[in-house]
Amino acid sequence: MGAQVIAIVNQKGGAGKTTTAINLSAVLAESRARVLLIDADPQHTASDWSAMREKAPPFVLIALPQPILHRDIPKLAADYDFVVIDGPPRNYEVTRSAIAAADLVIIPVQPSGADFWASRETVKLVQEAHAFKDTQKSVFVVTRKKGQTALGRDIREALTTFDLPLLRTDIPDRIAYAEAITNGKTIIESQPRGPGAKDFRALLAEIQELAA
Ligand SMILES: Nc1ncnc2c1ncn2[C@@H]1O[C@H](COP(=O)(O)OP(=O)(O)OP(=O)(O)O)[C@@H](O)[C@H]1O
Ligand SMILES: [Mg+2]
C-alpha cells in the first residue's frame, strides 16, 4: 500500500495549520511511521522551524509551495508511510493542489465567527474535490479551544451546518504549543508526557479510526 496523504488546509491565516502539521507528523513518527512533511506555504514557517533546530526533526521536511503537489506527491511519497502537507493561507491554487493530492483533508478552525466564515471557501474547494475523488475523507478539527466556553460549543454547532464531519478531539489553546514551535521543537520533544502530547496522540488515534 502507498503512503497516506494528509493535507492540513484552511485559507484562513493563523488557523493552526502549521502547529497541527508539525505535531501530527511528530506523533506519526513516534508511532514508527516514516513521515514526509511538505511545507506548502510560501511563508515557509515549517522550514524556518526546522532550520532553527539543533538536530534533524523526527520526520523528513521539504518545501514545495507550488500548485504541483498533486502531480509530484506520488513520486515523492514512495519511501514513506505518510505524507503530511502544511497548507498556505490565502493561496487558492496551492490549497486546491494539496486537496487534490490528499486521501484525508483536515481543516483546522479556531472557535470564532471570523474563522468560521473564512473557512467556507476552503470547504467549497474540498467539496469540489470530492466530486472527482469519492474515496477522499475530510474532517474539521477545532483548534485553540479555550476551556469550556460558549464559543467552543458554538463553533462545534456551527460546523455541523457544513456537510463534513468534525473530529471529537479538540486541540486546546496551550501556550506550550507556541513555545514548542518557537524553540524549534515538537510538542512530543518539549513535553513528552504533557497534555499537548496527549492531545495529538488522541488526534492520531481518531484519524486511524477513520482510515480503518
Ligand atoms: N493550540 C494552540 N494553542 C496556542 N497557540 C496556538 C495553538 N495553535 C496555534 N497557535 C499559535 O497561533 C499562531 C498561528 O498558528 P499556526 O502557525 O499553527 O497557524 P497557521 O494556520 O499555520 O498560520 P498561517 O495561515 O499563517 O500559515 C502561532 O503563533 C501559533 O503558535
Ligand atoms: Mg502555517
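Every number for a ligand or one of its atoms is a count from 1 in the order of the listing. No hydrogens, no waters, no symmetry mates; every other heavy atom, side chains included, goes into these values. On a predicted model such as this, the values are computed, not experimentally measured, just so you know.
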Heavy-atom side-chain contact between I99 and Q136 under 4.5 Å: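 The answer is yes, as the side chains (C-beta and beyond) meet within the 4.5 Å cut-off.
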Donor on one side chain, acceptor on other, T95 and Q11, under 3.5 Å: no
Please check this pair: side chain of K133 against backbone of A102, looking for a donor-acceptor N/O pair closer than 3.5 Å.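 Yes, the answer is positive, given that a donor and an acceptor are paired below the 3.5 Å cut-off.
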When you measure from the side chain of D103 to the backbone N and O of Q4, does any donor-acceptor pair fall under 3.5 Å?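 A pair under 3.5 Å: no.
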Look at the side-chain heavy atoms of Ile, Leu, Val, Met, Phe, Trp and Tyr, link any pair under 4.5 Å apart, and say whether V105 and I207 land in one connected group.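 No, no single cluster joins them.
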Hey, which residues fall under 4.0 Å of ligand 1 on heavy atoms?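 Residues near ligand 1: K12, G13, G14, A15, G16, K17, T18, T19, D41, Q43, P89, R144, I171, P172, D173, R174, Y177, A178.
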Sort by chain and number the protein N/O/S atoms that are closer than 2.8 Å to the Mg ion (ligand 2), and list them.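 Protein N/O/S atoms under 2.8 Å of the Mg ion (ligand 2): T18 OG1.
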Pairing residues for F140 by the ring pair (Phe, Tyr, Trp, His ring centres under 6.0 Å) criterion, not counting sequence neighbours: F162
Is the closest basic N to carboxylate O distance between D170 and R156 below 4.0 Å?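 Looking at R156 together with D170, the answer is yes, because their closest N to O distance falls below 4.0 Å.
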Determine, for R34 against D81, whether the closest basic-nitrogen to carboxylate-oxygen distance falls under 4.0 angstrom. yes
Compile the donor-acceptor pairs under 3.5 Å between side chains in residues 58-71 and protein atoms, sequence neighbours left out, one pair per line.
| from | atom 1 | to | atom 2 | distance (Å) |
| --- | --- | --- | --- | --- |
| H70 | ND1 | S97 | OG | 2.7 |

